[in-house]
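Have a look at the structure below, then the notes.
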Amino acid sequence: MDILEKYKNILIVELNKSYSNEDLSNISFEFPRDTSHGDFSTNAALVLSKKLKMDSEQIFLEVKKFFEDSGDFKDIVLAKSGFINFFVKDYVLHDFIREVLKNRENFGKKDLGKGEKINIEYVSANPTGPLHVGHTRGAVFGDTLANIFDFVGFDVCREYYINDSGEQIRNLAKSVYLRYLQNFSDKEIVIPDNLYPGEYLIPIAKKISDEHGEKFLDKAESDWLDFFMKESISSVMNIIKSDLKSLEIDHDVFISEKTLLEEGHVNKAYKHLEDKKLLYKGNTNPPKGSKKDEWSEKQHILFKSKNFGDDEDRVVKKHDGQWTYFMPDIAYHLNKYERGFIRMINIFGADHSGYIARMKAAVKAVTNENANLEIKTCQLVRLSRGGRPVKMSKRAGSFITLKEIVNEVGKDAVRFMMVSRKNDAQLDFDFEVFKNENNDNPIFYIQYANARISSLIRNSKEKLGRDIEDKDLINADLAFLQNENEKKIIFQIANFPKVIEQSVTFMEPHRLSYYLRDLASSFHQYWNLKIDNKRIHILDKSEMDLSLARVALLFAVSITIQTGLGLLGIEAIEEL
RNA sequence: GGUCCCGUAGCUCAGCAGGAUAGAGCGUCAGAUUCCUAAUCUGAAGGUCAUAGGUUCGAAUCCUAUCGGGAUCACCA
């Protein structure tokens, strides 16, 4: 089902017989941009003639021989530039489209993963408040990536790490406690700077008041803190899960830092490092720009992350015996390894990019370099509305939440928006664009294409005087398709498996977004096509065979759009 | 200052593991509606791919340096 791959394999296998000593990895086999360069082209003659100091004509003749027997080609020529250009017979393309129609939602699938377990950790936002726009990009990026990995045969585990331990959680609990006190007092309560001011804590406090009354009033902190931490975390995690649900993001596993601590995983990982002699007592330099007197000269326990490619050794245990945030993270990744994950992917916000080197170092250390951690970062998102930037300040909880954007433009638009740029490029987005129902709005444009194709099937009775069924499409005689636009669309569909493969190997789902937009564009062009200055009618009673052939082709487009949108987590709409 | 990301059309961005004449949307200008969804389409104008070197048959793509923009620096997460 991947034409390109099929012929490339033949080429490489055959070349290997004669030139097994040569590195053939530079040899390409692709759809040339310019149709005058044939249907496929390869640089094989160019590359090998150079390497072997052979005449390129000679290599060309050899290559030509590989393909001649199949009878699939009209012509194979050596271009002046040195490329070998292949002109394929029509039936090859028609057979391909029939394969797409038969395979339906499985078109584009490849077994690249062969069932390999892969762990993708994304979001992992601290449970101190609802998700905001900053989390959204990583959430959608990670989820889309997971979809694509799953599609190509990996055994994907989608995971969320809950940082439910440490100072921030105590602060969360204290913030909720203040809101709780407010429920029993007329006096306005002031929330200190270091605590969380968000109003989402009010219902949490209300629930505690309702269920436990005045039980925690006038009590020492030690009497209520644990309870408030527990209640707050579980309530905030419910908010977060509901945020994720609004984007149809569903993690398989939530792992709690607190649990890792309680079950001894952190101690175990620490001992692990100790046994390998990767820990030592020492000091660190104060960070640039900080005041010297705020810096304690006490001795901490450091992990030799420099041995594994980091540029500093990192503190794992503070002088007072407390863990740093880093140590549980190490334990967590050891735990992933122990659960059988050799391959792990983490999605970080760009503000955590400084953390990449130490995390990779830790995974190497703790797994004896057996596991591979890959980290993808998502750059910032800047939202605007009608050309004006949306101000985002964390003060007073006035940041834009994930829910607000989903409510404003809808799940599909948000998902598309977040993967419509390369992950490591900054993202500027105007809300208004995604509310438009026109060409400005790419998600609309793609859905419109699919809706138009669906309308053909719906209208077939009226326009052709008969219903179109699956077997009509599969049996359609595609030789009736003789138009350049039709050929262009066939090649575009044929490129889908490659786009999928690249999205996986580069971990760049945005490629899929661009692909779908381009495919939709070719479709819309075709829809408006004029021959002899007259608009074509796809459904034309007087040209039944041609009509069926056209619908068959467009149905293959629809299949591709639906699969692509599905991977992006977006509905394919049949009627607007 | 160190590290990471970015720099391609007026704007927002693609550019496939180095390939043939650099692409799309928006915006601008000029057009298309006896039509199955015009919520669409066609055409035109628009480029020193930040700059300078290097690698090679061949560079927007790889390497080095410089300039510009952003993020980050912990005994916070």
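Residue numbers start from 1 in every chain, and the chains themselves are labelled A, B, ... in the order their sequence lines are given, proteins ahead of strands.
- Sorted by residue number, the members of residues 438-446 of chain A with any non-hydrogen atom under 4.0 Å from RNA chain B read A/Asn438, A/Asn439, A/Asp440, A/Phe444, A/Tyr445.
- The distance between atom CG of A/Leu519 and atom P of B/U40, rounded to the nearest whole Å, is 17 Å.
- Going from atom CG of A/Leu427 over to atom C1' of B/G69 covers 17 Å, rounded to whole Å.
- Among pairs with a residue in residues 24-34 of chain A, those fulfilling side-chain hydrogen bond (donor to acceptor under 3.5 Å, both in side chains) read A/Asp23-A/Ser25, A/Ser28-A/Asn43, A/Asp34-A/Ser36, at least two apart in sequence or across chains.
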Dot-bracket for RNA chain B, 5' to 3', Watson-Crick and G-U pairs with both distances under 3.5 Å, [ ] for crossing pairs, | for partner on another strand, reads (((((((..((((.....[...)))).(((((.......))))).....(((((..]....))))))))))))....
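- Look at A/Lys318 and you'll find a side-chain N or O under 4.0 angstrom from OP1 or OP2 of B/C76.
- Protein atom CG of A/Asn528 is 12 Å distant from nucleotide atom C1' of B/A39, rounded to whole Å.
- Here the NZ atom belonging to A/Lys534 is positioned 8.0 Å from the NE2 atom belonging to A/His537, to the nearest 0.5 angstrom.
- Residues passing the salt bridge (charged side-chain N to carboxylate O under 4.0 Å, His left out) test with A/Glu121, sequence neighbours excluded: A/Lys336.
- Spacing between B/G27 and B/U66 at atom P, rounded to whole Å, works out to 41 Å.
- Residue A/Ile453 is out of contact with every strand shown, counting any heavy-atom pair closer than 4.0 Å.
- Nucleotide B/C13 holds its P atom 16 Å from the CD atom of A/Glu508, rounded to whole Å.
- Applying the 4.0 Å criterion to OP1 and OP2 of B/G25, one finds that A/Arg517 has every side-chain N and O outside that range.
- For RNA chain B, the residues of residues 350-363 of chain A within the heavy-atom distance limit of 4.0 Å (strictly under) are A/Ala350, A/Asp351, A/His352, A/Arg358, sorted by number.
- Comparing B/U64 with B/U28, their C1' atoms sit 41 Å apart, to the nearest whole Å.
- At a cut-off of 3.5 Å, with distance as the only test, no side-chain donor of A/Thr128 or A/Gln168 sits close to an acceptor on the other residue.
- The aromatic ring centroids of A/Tyr325 and A/Tyr355 lie less than 6.0 Å from each other.
- Map A/Asn26 and A/Asp34 each onto its nearest nucleotide of RNA chain B; the residue landing nearer the 5' end is A/Asn26.
- Closest non-hydrogen pair, A/Ser41 versus A/Phe83, comes out as OG-CD2, 4.3 Å.
- The residue A/Phe326 sits apart from the nucleic acid: no heavy atom pair falls under 4.0 Å.
- Separation of the A/Phe141 and A/His510 ring centroids does not fall under the 6.0 Å cut-off.
- Ring-centre distance between A/His265 and A/Tyr332: not below the 6.0 Å cut-off.
- Residue A/Leu529 is classed as having no contact, given no heavy-atom separation below 4.0 Å to the nucleic acid.
- Using a 4.0 Å cut-off between charged side-chain N and carboxylate O, A/Asp428 and A/Arg382 make a salt bridge.
- Rounded to the nearest Å, the gap between the P atom of B/G2 and that of B/A65 is 11 Å.
- For the pair A/Gln426 CD and B/U12 C1', the interatomic distance rounds to 13 Å; values are reported in whole Å.
- Judged by centroid separation below 5.5 Å and plane tilt below 30°, A/His510 does not stack onto the base of B/A14.
- For B/A14, the OP1/OP2 oxygens have no side-chain nitrogen or oxygen of A/Arg511 closer than 4.0 Å.
- In this entry the base of B/A32 is anti relative to its sugar, with a glycosidic angle more than 90° from 0.
- Heavy-atom nearest nucleotides on RNA chain B were determined for A/Leu456 and for A/Ser81, and the one closer to the 5' end corresponds to A/Ser81.
- When the P atom of B/C4 is taken as reference, atom CG of A/Asp424 falls 13 Å away, rounded to whole Å.
- By the salt bridge (charged side-chain N to carboxylate O under 4.0 Å, His left out) test, A/Glu5 pairs with A/Lys110, sequence neighbours left out.
- Nucleotides B/G18 and B/A24 have their C1' atoms positioned 23 Å apart, rounded to a whole Å.
- Of the candidate nucleotides B/C13, B/A77, B/A20, B/A20 has the atom nearest to the side chain of A/His37.
- The base of B/A20 is paired with the side chain of A/Ser41 by a donor and an acceptor separated by under 3.5 Å.
- If you check distances only, the side chain of A/Asn85 does reach the base of B/A20 with a donor-acceptor pair under 3.5 Å.
- Of the side-chain N and O atoms in A/Gln379, none sit less than 4.0 angstrom from OP1 or OP2 of B/A71.
- A/Lys534 has no side-chain polar atom (N or O) that falls below the 4.0 Å cut-off from OP1 or OP2 of B/A32.
- Among the nucleotides B/A38, B/A14, B/A17, the one closest to any side-chain atom of A/Tyr514 is B/A14.
- Annotation for A/Ser420 and A/Tyr514: closest pair O-OH, 3.3 Å, computed over non-hydrogen atoms.
- As a whole-Å value, the separation of A/Asp313 CG from B/A74 P is 12 Å.
- A/Phe523 places its CZ atom 10 Å from the C1' atom of B/U40, with the value rounded to the nearest Å.
- Of the listed nucleotides (B/A77, B/A71, B/G19), B/A77 has the atom at the smallest distance from the side chain of A/Asn163.
- There is no side-chain donor-acceptor pair under 3.5 Å between A/Tyr515 and A/Arg511.
- Annotation: cation-pi geometry satisfied between A/Arg517 and A/Tyr445 (NZ/CZ under 6.0 angstrom from ring centroid, within 45° of ring axis).
- A ring pair (Phe, Tyr, Trp, His ring centres under 6.0 Å) with A/Phe86 holds for exactly one of A/Phe29, A/Phe31, A/Phe60; it is A/Phe29.
- Within the structure, every side-chain polar atom (N or O) of A/Trp323 is placed at least 4.0 Å from both OP1 and OP2 of B/C75.
- Checking the phosphate oxygens (OP1, OP2) of B/C41, no side-chain nitrogen or oxygen of A/Arg535 falls inside 4.0 Å.
- B/U61 and B/G7 have their C1' atoms separated by 14 Å, given to the nearest Å.
- Note on A/Glu167: nothing from the nucleic acid sits closer than 4.0 angstrom, heavy atoms only.
- Heavy atoms of A/Val47 sit under 4.0 angstrom from at least one base atom.
- Among the nucleotides B/C41, B/A20, B/A38, the one closest to the side chain of A/Gln525 is B/C41.
- Distances shorter than 4.0 Å separate some side-chain N or O of A/Ser455 from OP1 or OP2 on B/U37.
- For A/Lys422, whose side chain is taken as the heavy atoms from C-beta onward, the closest listed nucleotide among B/G15, B/C75, B/A20 is B/G15.
- Put simply, the residue from A/Lys360, A/His333, A/Glu374, A/Lys376 that forms a side chain to side chain donor-acceptor pair (under 3.5 Å) with A/Asn346 is A/His333.
- Closest contact between the side chain of A/Ala451 and the listed nucleotides B/A17, B/A77, B/U37 involves B/U37.
- Residue-nucleotide stacking is present for A/Phe83 and B/A20, judged by a side-chain ring centre under 5.5 Å from the six-membered base ring centre and planes under 30° apart.
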